[in-house]
**Student:** 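Quick one: the structure is below, and I'll ask about it shortly.
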Amino acid sequence: MDKIGENKIHKKLLKNNIWIVENLNKTDKLVKEKYDSYFIPLNISSEASYIRAFVKE
């Protein structure tokens, strides 16, 4: 988690339409080098959202 007030980098990325996906777990279970990845956020007006993250071989 980010500490309050320590989100300058996030704001720069988001300002340039670069999404941030963090705090994923179990990525060590991925054995191939390349996947198609999908990150589907909730359809809400917000700075942040939970996502449905998945990969397709």
Side-chain angles (χ1 to χ4, degrees):
M1 290 225 142
D2 298 322
K3 294 180 183 177
I4 296 174
E6 292 185 7
N7 57 4
K8 292 177 186 176
I9 298 298
H10 282 191
K11 288 182 179 183
K12 286 183 181 182
L13 292 170
L14 292 169
K15 189 183 289 187
N16 289 288
N17 293 318
I18 300 171
W19 290 15
I20 303 158
V21 178
E22 57 188 4
N23 301 322
L24 297 176
N25 57 18
K26 299 187 180 180
T27 56
D28 58 320
K29 305 291 184 195
L30 300 173
V31 295
K32 291 175 62 176
E33 289 187 26
K34 191 171 184 179
Y35 292 90
D36 290 325
S37 51
Y38 301 87
F39 307 101
I40 313 301
L42 296 175
N43 188 15
I44 58 176
S45 179
S46 176
E47 180 180 313
S49 172
Y50 288 106
I51 62 166
R52 171 79 59 182
F54 58 95
V55 296
K56 182 178 175 185
E57 291 186 17

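Along the sequence shown, residues carry numbers from 1.
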**Student:** Can you measure from CG (Leu30) to CG (Asp28) and round to the nearest 0.5 angstrom?
**Tutor:**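 Leu30 atom CG to Asp28 atom CG measures 8.0 Å (nearest 0.5 Å).
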**Student:** Grouping I, L, V, M, F, W and Y whenever their side-chain heavy atoms are under 4.5 Å apart, do Val21 and Tyr50 come out in a common cluster?
**Tutor:**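 Val21 does not cluster with Tyr50.
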**Student:** What verdict does the side chain to side chain contact (heavy atoms under 4.5 Å, CB included) test give for Trp19 and Ile51, after you've listed the backbone C-alpha separation in whole Å, the side-chain angles of each residue and the deciding distance to 0.1 Å?
**Tutor:** CA-CA 12 Å; Trp19 290 15; Ile51 62 166; over 6 Å; no
**Student:** Following the transitive rule for hydrophobic clusters with a side-chain heavy-atom cut-off under 4.5 Å over Ile, Leu, Val, Met, Phe, Trp and Tyr, establish whether Ile40 and Leu42 coincide in one cluster.
**Tutor:**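 Per the 4.5 Å side-chain linkage, Ile40 and Leu42 are not co-clustered.
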**Student:** Quick check for you: to the nearest 0.5 Å, what is the distance between Leu13 atom CG and Lys11 atom NZ?
**Tutor:**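 If we round to the nearest 0.5 Å, Leu13:CG and Lys11:NZ are 13.0 Å apart.
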**Student:** Minimum heavy-atom separation for Tyr35 and Lys32, please, with both atom names.
**Tutor:**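 Result for this residue pair: OH-N, 3.1 Å.
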**Student:** May I ask you to check whether over 12 heavy atoms, not counting those of Asn43, lie within 6.0 Å of atom CG?
**Tutor:**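 No - once you tally the heavy atoms of other residues, nucleotides and ligands closer than 6.0 Å, there are 12 at most.
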